[in-house]
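Heads up, the thing below is written out as structure tokens.
Quick caveat, the model's predicted, so the values are computed rather than measured. Throughout, a chain's letter reflects where its sequence line sits, starting with A, and its residues are numbered from 1.
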Protein chains: 2
Amino acid sequence: MSVTYDFPRPAVTVDTVVFGVDDEGLKVLLLQRDAEPFAGWWALPGGFVHEHEELDDAALRALSSKTRLTRIYLEQLYTFGERGRDPRGHVIAVAYYGLVRLRDHRVRAATGARDVAWFRVDQQPKLPFDHSRIVDVALERLRGKVTYQPSLVFELMPPKFTLTQLQQLYEAILGTALDKRNFRKKMLTVWKIVAETDERTEGTVGPPARLYTFDAAAYRKLARSGFQFQF
Amino acid sequence: MSVTYDFPRPAVTVDTVVFGVDDEGLKVLLLQRDAEPFAGWWALPGGFVHEHEELDDAALRALSSKTRLTRIYLEQLYTFGERGRDPRGHVIAVAYYGLVRLRDHRVRAATGARDVAWFRVDQQPKLPFDHSRIVDVALERLRGKVTYQPSLVFELMPPKFTLTQLQQLYEAILGTALDKRNFRKKMLTVWKIVAETDERTEGTVGPPARLYTFDAAAYRKLARSGFQFQF
DNA sequence: CCAAAAGTGTTCTCCATACACCCATGC
DNA sequence: GCATGGGTGTATGGAGAACACTTTTGG
């Protein structure tokens, strides 16, 4: 039995919003387009879905082929299909977002891109298509998700970190300042999802800070019984 | 400037998961397919996206053309693109979910459907494609969303309702029993999102119950300052 | 000794949770 | 009068929010 469908079809693309963090704050990965439309503009990495390709695979492929970023964690965000969003015609974009440890990944331009760079989320250039909207939706989702699935945050942290670094990351994502004592109490006493190590930072300006690790086992236990949110 | 793209494209469909409630509990709307593949099976209402049609419009059109349900609130759920999910080939499904007041809407079969009916979510037949998975994802989303966006629930309630009806709806959606006193305290004292009327039910078995309305203004005020969840 | 950052406790308020009895109505 | 469902209050515990000073180190 073969049933076919032979009408004109919309094209389907995947677009990816990849966030990273460094000491300047939260950043988003953009590439400078090589081809029309919008050649020369900074835009989200993405591309057309190939025949018989799964969406998740298409997103990873598009990202790695254009920016050399591989093996990163992506999650589907939303599917955009507004009329007029793409001058080439009827193009539906399945958007993904993800997080990487910026220092672990050297990005460089590849197929279809003149250049690749990280932009602070509060200092993005004007983006083509509806990409600005997509970034906004991704940011909103990231902010929401962080409060009820804090494990996400640790995707961005090195394996060992200080509590101040962790707090700064939360502040970068949420865009607000947090109280140091309350933050530490939540991590150490309430949630207990970080574990002390014996190590400390070296060569810092102030006193050395203790290094912690993410306690995945404690996290899973906590996740089963639900979270209490807000800072 | 015209840029085209001329490779084989996946087909794009929209599928809708519509929830309703009656005294038997939470239900989902299914239709009995008329055409191959899976002719005769109960499945989610849906259909192919037309040329230059927006996704939201396609979902509403597919739903109304097959079930005569119109003007309902739909929200995008997730986009499914797993290999092998459709025997016709590479078909991507953008899924939507929505809520209706079951008693307000008489559904009846139309184009492409032999029959249309409401099924209790815990008594669904075996569904074709990956529709069972889609219903599961929709249910999970509905359950999550109810706790942080309670206004959703009132989409399913009549304009005037008793607190017991409201509580039963929450219980149907969440699949758990709730404490009557705590529930009422939350609605009336903590959230204050329902307003008393002077009316009462008539002809009931026990004593008449007071009727309440949803207080949209109070809700918006509360929504701005964030919620506290859980019952 | 000074600048910089690390680290630490307490109080108050609000909400979640647990729990049981009396009352109004229709039949 | 009885079955059915409506309606009500309190005590406890846990977490969020607000808030400031001392200590350690390198230069």
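Using a 4.0 Å cut-off between a side-chain N of Lys or Arg and a carboxylate O of Asp or Glu, A:Glu75 and A:Arg141 do not qualify as a salt bridge. The pair B:Arg210-B:Glu196 counts as a salt bridge, with a side-chain nitrogen and a carboxylate oxygen less than 4.0 angstrom apart. In this structure, A:Asp22 pairs ionically with A:Lys27, as a charged nitrogen and a carboxylate oxygen lie closer than 4.0 Å.
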For nucleotides 10-12 of chain D, tabulate all protein N/O to nucleotide N/O atom pairs closer than 3.5 Å, reporting atom names and distance.
residue	atom	partner	partner atom	Å
D:dT10	O4	B:Lys185	NZ	3.3

Pairs under 3.5 angstrom, nitrogen or oxygen only, protein versus nucleotides 20-22 of chain C, please.
residue	atom	partner	partner atom	Å
C:dA20	N1	B:Arg181	NH1	3.3

Between the protein and nucleotides 22-27 of chain D, are there any N/O to N/O pairs under 3.5 Å, and if so, what are the atom names and distances?
none

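If you measure from atom CG of B:Leu178 to atom C1' of C:dA18, you get 14 Å, rounded to the nearest angstrom. Regarding A:Glu202, its CD atom lies at a distance of 15 Å from the P atom of C:dA6, rounded to whole Å. Following rounding to the nearest Å, B:Met187 (CE) and C:dC15 (P) show an atom-to-atom distance of 14 Å. Separating the CG atom of B:Leu222 from the P atom of C:dC14 is a distance of 15 Å, rounded to the nearest angstrom. Rounded to whole angstrom, the span from the NZ atom of B:Lys192 across to the P atom of C:dC14 amounts to 11 Å. Whole-Å rounding puts the A:Asp179 CG to C:dT10 C1' distance at 13 Å. For the pair B:Leu188 CG and D:dG9 P, the computed distance is 12 Å after rounding to whole Å. Separating the CZ atom of B:Phe183 from the P atom of D:dG7 is a distance of 13 Å, rounded to the nearest angstrom.
Using a 4.5 Å cut-off on side-chain heavy atoms (C-beta onward), B:Val116 and B:Leu69 make no contact. Looking only at side-chain heavy atoms (C-beta outward), B:Tyr97 and B:Ile134 stay at 4.5 Å or farther from each other. Within the 4.5 Å cutoff, the side chain of B:Tyr212 has heavy atoms near those of the B:Leu188 side chain. Annotation: side chain of B:Gln76 is in contact with side chain of A:Thr79 (closest heavy-atom distance under 4.5 Å). Counting heavy atoms from C-beta on, the side chains of B:Val28 and B:Val18 never come closer than 4.5 Å.
Contacts of B:Thr164 with the nucleic acid, taken as non-hydrogen atoms under 4.0 Å apart, involve only primed sugar atoms and P, OP1 or OP2. As judged by a 4.0 angstrom heavy-atom cut-off over every strand, A:Arg210 is placed among residues touching the sugar-phosphate backbone only.
More than 12 heavy atoms of other shown residues, nucleotides or ligands fall within 6.0 angstrom of atom CD in B:Gln123.
Distances shorter than 4.0 Å separate some side-chain N or O of B:Arg200 from OP1 or OP2 on D:dG7.
Between B:Phe129 and B:His131, the ring planes lie tilted relative to each other; the angle falls in the 30° to 60° range.
Heavy atoms only, all atoms of each residue included: B:Phe19 and B:Leu156 are closest at O-CD2, 3.8 Å.
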